[in-house]
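What you see below is based on every heavy atom in this structure, not just the backbone, and it leaves out hydrogens, waters and symmetry mates. Just so you know, these numbers come straight off a predicted model, no measurement behind them. The residues of the chain are indexed from 1 along the displayed sequence.
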Amino acid sequence: MTNWERFLDSFFNLRVAADYLPKIIDGFWVTIQLALCIILTGIAAGLLLAVVRSLGLRPLNWLIIFTVDLFRALPPLVVIVLFYFGLPAAGLSLGGFASTWLALSLVLMAFTEEIFWAGITAVPKGQWEAARSTGLSFAQTLGQVVLPQALRMTIPPLTNRTIAITKGTALGSVVAVPEILGAAQAGVSFSFNPTPLTMGALAYLVLFIPVVILGRWIETRFAWKR
């Protein structure tokens, strides 16, 4: 057997690929479900914290800043492991999917809060003053004048951060989440052949190339015109 044939047998073994394709497809759908849960909860929580922070309640703001800095500083894998292995010691047991969802949502929340907060503070002070002078309340000014402008400014960095964190779903394989990488690693363990990893890589490309293209389109569509 030549080197090329050994390479093909190791990474593109059709028999192994046929055997483990259903598992990779199942992992593909688990990855999509996990990514959607993380995006929805992480962005919503980040926006909520940024809005609360804009109220200017100093003790609450200190708590928000501490929480955000904490989850921005901790590696996502460490947070996942702490939730999965540490919470049972406190009497709260979470499965692998829930631990990964919660951990990556909190990490995304921390980064999106800073992104939204930067967008809110970037709106000129005159916008606030002009809106309040027309009789709008603080809440109306924030919701109808400031947030629409802030959200438009935050779309490009928010898109990049969202794509980055959703690729982190692969970390769920550490706590036995049967997503793409987890399914691929299980296939390698049982088949003694790395072909399932090749299939996993292709599955990630199928999933994330359209996401990256969509993200680039969103950035171009909502970017401020120079």
Side-chain angles (χ1 to χ4, degrees), residues 1-43 71-72 74-85 94-108 110-112 156-220:
M1 182 180 289
T2 65
N3 291 336
W4 178 247
E5 289 173 335
R6 279 195 293 269
F7 172 79
L8 291 178
D9 183 67
S10 296
F11 293 96
F12 296 93
N13 188 302
L14 297 181
R15 179 186 58 79
V16 174
D19 288 341
Y20 291 96
L21 179 60
K23 293 293 185 183
I24 298 297
I25 293 175
D26 290 342
F28 182 87
W29 293 116
V30 171
T31 300
I32 291 178
Q33 294 170 20
L34 184 57
L36 289 176
C37 291
I38 292 167
I39 291 170
L40 292 175
T41 54
I43 292 179
F71 284 106
R72 289 174 67 199
L74 286 172
L77 179 58
V78 172
V79 183
I80 294 172
V81 171
L82 284 175
F83 284 164
Y84 187 74
F85 294 105
L94 294 178
F97 187 97
S99 297
T100 307
W101 175 10
L102 180 59
L104 295 184
S105 294
L106 289 172
V107 173
L108 180 58
F111 282 98
T112 55
L158 188 62
T159 301
N160 286 331
R161 176 51 55 181
T162 300
I163 291 173
I165 202 67
T166 51
K167 287 190 291 186
T169 54
L171 297 174
S173 61
V174 176
V175 290
V177 178
E179 45 75 58
I180 293 174
L181 183 58
Q185 289 176 330
V188 172
S189 299
F190 285 108
S191 67
F192 303 102
N193 185 288
T195 297
L197 282 178
T198 303
M199 298 169 64
L202 293 174
Y204 277 118
L205 290 176
V206 170
L207 177 59
F208 285 111
I209 283 180
V211 173
V212 171
I213 293 174
L214 176 63
R216 188 177 297 278
W217 178 83
I218 291 174
E219 292 175 17
T220 304

S.K.: With a 4.5 Å cut-off on side-chain heavy atoms, are W101 and L34 touching?
M.R.: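 Result yes, sub-4.5 Å side-chain heavy-atom pair found.
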S.K.: Below 4.5 Å, heavy atoms only, C-beta onward: do I80 and L104 meet side chain to side chain?
M.R.: yes
S.K.: For residues 14-32, tabulate all N or O donor-acceptor pairs below 3.5 Å that involve a side-chain atom, not counting sequence neighbours.
M.R.:
from, atom 1, to, atom 2, distance (Å)
T31, OG1, G27, O, 2.9
T31, OG1, I180, N, 3.2

S.K.: Quick check: closest heavy atoms across L94 and S99, and the distance to 0.1 Å?
M.R.: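 Minimum heavy-atom contact is CB-OG, 3.4 Å.
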S.K.: Side chains of residues 195-212: which donor-acceptor partners sit under 3.5 Å, not counting sequence neighbours?
M.R.:
from, atom 1, to, atom 2, distance (Å)
T195, OG1, S10, O, 3.0
T195, OG1, N13, N, 3.0
T195, OG1, N193, OD1, 2.5
T198, OG1, F11, O, 3.0
Y204, OH, E179, OE1, 2.7
Y204, OH, L181, N, 3.3

S.K.: Is it the case that atom CZ in R72 sees more than 12 heavy atoms from other parts of the structure closer than 6.0 Å?
M.R.: yes
S.K.: How long is the straight-line distance from CD1 of I165 back to CG of L171, given to the nearest 0.5 Å?
M.R.: 8.0 Å
S.K.: So, do L158 and T112 sit near enough that their side-chain heavy atoms are less than 4.5 Å apart?
M.R.: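 Yes, side chains in contact.
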S.K.: With sequence neighbours left out, write down each residue that passes side-chain contact (heavy atoms from CB on, under 4.5 Å) with I39, or none if nothing qualifies.
M.R.: I43, T162, T166
S.K.: Compare every heavy atom of I38 with every heavy atom of T100, then report the nearest pair and how far apart it is.
M.R.: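 Reported closest heavy-atom pair: O-CD1, 4.4 Å.
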S.K.: Y84 and G96: which non-hydrogen atoms are nearest, and at how many Å?
M.R.: CE1-N, 3.5 Å
